[in-house]
Visitor: 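I am attaching a structure below and will ask some questions about it afterwards.
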Amino acid sequence: GVQGACPSGWHLPSDAEWSELTNYLDGTAIAGGKLKESGATHWTSPNTAATNETGFTALPGGYRYNNGTFSLVGYDGYWWNATENSTNNAWFRYMVYYNSSVTGFGDSKALGFSVRCLKD
């Protein structure tokens, strides 16, 4: 794996590792609910189907534009993975407050998303 921003002995998950996680959790349509922190302490209500049954405790950190401003904090969570889809873009996964899915997409590496590290 790619260490990236992760400490020694840990790595940034690949898109395939994210897919393995969401498949294990019965698919992308419901995996977000199983990963998101439950309740409305950090997530905007209704935080649909959030149970955090995995202990992952996904939080809605939103993202940072390349000009330094932040967007969607409290509404959505975005996590980079180590898989590039072009020289300037990489894949990420995101979860939103209004449904239980985990969605993958590619965008500019100039954006600031959260990361989750996996133990090697």
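Only heavy atoms go into these numbers, but all of them, side chains included; no hydrogens, no water, no symmetry mates.
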Visitor: Quick check, are the ring centers of Y97 and W43 under 6.0 angstrom apart?
Guide: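 Centroid separation for Y97 and W43: 6.0 Å or greater.
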Visitor: How about N88 and S86: does a side-chain donor come under 3.5 Å of a side-chain acceptor?
Guide: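 Checked: N88/S86 side chains show no N/O donor-acceptor pair below 3.5 Å.
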Visitor: Starting at OH of Y63, measure out to CZ of F70 and round the result to the nearest 0.5 Å.
Guide: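 With rounding to 0.5 Å, OH (Y63) is 11.5 Å from CZ (F70).
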Visitor: Any side-chain heavy atom of L118 sitting closer than 4.5 Å to one from P13?
Guide: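 Result yes, sub-4.5 Å side-chain heavy-atom pair found.
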Visitor: A side-chain contact here means heavy atoms from C-beta on lying under 4.5 Å apart; do I30 and S100 qualify?
Guide: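 Yes; the side chains approach each other to less than 4.5 Å.
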Visitor: How close do K36 and N99 get, counting heavy atoms only, and between which atoms?
Guide: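 Of all heavy-atom pairs spanning K36 and N99, the closest is NZ-O, 2.9 Å.
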Visitor: Is the shortest heavy-atom distance from the side chain of M95 to the side chain of Y78 under 4.5 Å?
Guide: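 The answer is no; the side chains never approach within 4.5 Å.
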Visitor: With the side chain counted from C-beta on, respond yes when K119 and H11 share a heavy-atom pair under 4.5 Å apart, and no when they do not.
Guide: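 Not in contact.
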Visitor: Under a 4.5 Å cut-off applied to non-hydrogen side-chain atoms, are L35 and V102 in contact?
Guide: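 Heavy-atom side-chain distance check passes, below 4.5 Å.
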Visitor: Decide yes or no for Q3 and L12: does some side-chain heavy atom of the first lie under 4.5 Å from some side-chain heavy atom of the second?
Guide: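 No; the side chains remain at least 4.5 Å from each other.
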Visitor: Taking side chain as C-beta onward, heavy atoms only, is D15 less than 4.5 Å from R93?
Guide: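 Yes; the side chains approach each other to less than 4.5 Å.
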Visitor: Please state whether the rings of Y94 and F92 are parallel, tilted or perpendicular, taking 30° and 60° as the class boundaries.
Guide: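 Answer is tilted, since the angle falls between 30° and 60°.
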